[in-house]
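Heads up: the structure comes next, in structure tokens.
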Amino acid sequence: MAVNLFRSALIALSVVAMGARASSSGLDPNVVFDQPSPFARNGELLRRLVSPLQASRIEDRLGDRTRGLDASPLDRAQQHFALYVPSAPPPAAGYRLLVFVPPWSDARVPPQWLGVLDRTRTIFVTGAQSGNDADVLRRREPLALLAAWNVMRRYHVDPGRVYIGGFSGGARVALRLALGYPEVFRGALLDAGSDPIGTAQVPLPPASTLHRFQQASRIVFVTGDADHIRQAQRMRAGTALQTWCAFNIDDIRLPHTAHALADASGLARAFDSLSKPVIPDIQRIQACRARNHAALAGDFRRVQALVHAGRLDEAAHALDAADARYGGLAAPRSLELLQAIEARAAPPR
């Protein structure tokens with residue numbers, strides 16, 4: 001399914017690259033996008049952004065499971081975006097694109113970034129009602145995916161320079177999207193906000209998606225040197241990324257800055273980092289993967305032993321812990337173990 005979806009996306013974007021329809025440049029503060037994104041359907045969101053056990057429980061609550069998974073959580077006609085397109089024509093390869101998740105509720109383009117967006121020929125798009133008060137899975141994330149899909153269909157965008165970014169709480173959402181959709185977003189700009197991956201809050205995606213993220217994505221942290229809370233967050237997030245074999249990490253510190261949106265210089269430095277080619281150290285990545293898979297196998301053996309011993313509550317607790325830690329890496333074995341626990345717990349007929 002994922003391979004076919006990705007292939008369909010490439011075909012659609014190739015059509016755009018051969019001849020995108022003319023669209024105006026400058027700032028449009030109230031754009032409505034009409035094209036549905038296959039990446040923003042409920043089923044894809046659950047598969048990529050929610051751990052397998054949690055996704056299964058959500059699916060079970062859907063009334064019409066098939067139709068519910070294929071639907072989008074958003075009514076496109078009701079979603080509004082701010083869009084900025086540089087006046088200069090795109091390079092031969094296409095515009096750069098930054099999809100931005102804000103912590104605030106209104107859709108706006110930071111005015112201090114306009115010069116850098118023009119100079120680097122970067123399209124900027126951000127959704128309204130996508131702030132920290134909005135639901136992450138049902139609103140903030142599908143809004144960003146809807147924006148990316150439509151801008152790439154409407155303009156001549158270089159698929160290799162599409163980035164997800166955010167500030168503060170929005171940066172934490174951006175990291176989830178970079179991890180879950182590495183074939184859409186080739187890197188992430190995390191401005192003063194981040195979380196460790198491999199947790200219930202930021203679960204790992206399926207193995208094939210995680211492997212792509214490890215080998216092809218770049219994460220750029222931008223943090224004020226006086227923003228001590230986010231500096232600590234950045235350290236924890238960086239350690240977790242390396243634990244899960246993602247080593248393409250850059251760290252930009254903004255001098256004399258507390259918890260504030262990056263200035264023009266910080267944005268320019270982040271774009272420079274994101275533009276660097278990613279050259280994966282395959283040997284290092286493979287050794288790291290082997291360590292994680294060995295740890296996962298050990299955790300599964302412990303769950304299996306608890307099931308065989310009839311200690312089902314302990315087995316369920318251990319399985320939930322493995323689901324939170326390993327996410328999509330644990331599937332389908334985690335789902336099989338859940339079925340085994342439920343079968344043993346069911347009353348005899």
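- Between Trp149 and Pro38, the closest side-chain pair of non-hydrogen atoms falls below 4.5 Å.
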Quiz item: After noting the C-alpha distance and the side-chain angles of Phe100 and Trp113, does the key distance pass the ring-ring contact (aromatic ring centres under 6.0 Å, His included) rule?
Solution: CA-CA 12 Å; Phe100 187 78; Trp113 286 7; 5.5 Å; yes
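- In this structure, Arg218 pairs ionically with Asp250, as a charged nitrogen and a carboxylate oxygen lie closer than 4.0 Å.
- Between Phe167 and His259, a ring centre-to-centre spacing shorter than 6.0 Å is recorded.
- The shortest heavy-atom contact between Phe33 and Arg76 is O-CB, 3.8 Å.
- Under the 3.5 Å distance criterion, the side-chain polar atoms of Thr239 are matched with a main-chain donor or acceptor of Met235.
- Inspection of the Gln79 and Arg139 side chains reveals an N or O donor paired with an N or O acceptor under 3.5 Å.
- Judged by the 6.0 Å distance and 45° axis criteria, Arg186 is not positioned over the aromatic ring of Tyr163.
- A salt bridge links Asp135 with Arg138: the closest approach of a Lys/Arg side-chain nitrogen to an acidic carboxylate oxygen falls below 4.0 angstrom.
- Checked for salt-bridge contact, Glu336 and Arg333 meet the test: a charged N lies under 4.0 Å from a carboxylate O.
- With Thr257 contributing its side chain and Pro255 its backbone, the two residues share a donor-acceptor pair below 3.5 Å.
- Between the side chains of Tyr84 and Asp118, at least one donor N or O sits under 3.5 Å from an acceptor N or O.
- There is no side-chain donor-acceptor pair under 3.5 Å between His211 and Gln215.
- Between the side chains of Arg96 and Ser275, at least one donor N or O lies within less than 3.5 Å of an accepting N or O.
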Quiz item: Could you go step by step and tell me if Arg230 and Asp195 meet the salt bridge (Lys or Arg N to Asp or Glu O under 4.0 Å) rule?
Solution: CA-CA 10 Å; Arg230 280 78 192 180; Asp195 288 309; over 6 Å; no
Quiz prompt | Criterion salt bridge (Lys or Arg N to Asp or Glu O under 4.0 Å) on Glu183 and Arg212, from CA distance to verdict | solution = CA-CA 8 Å; Glu183 72 272 48; Arg212 187 182 184 97; 5.0 Å; no
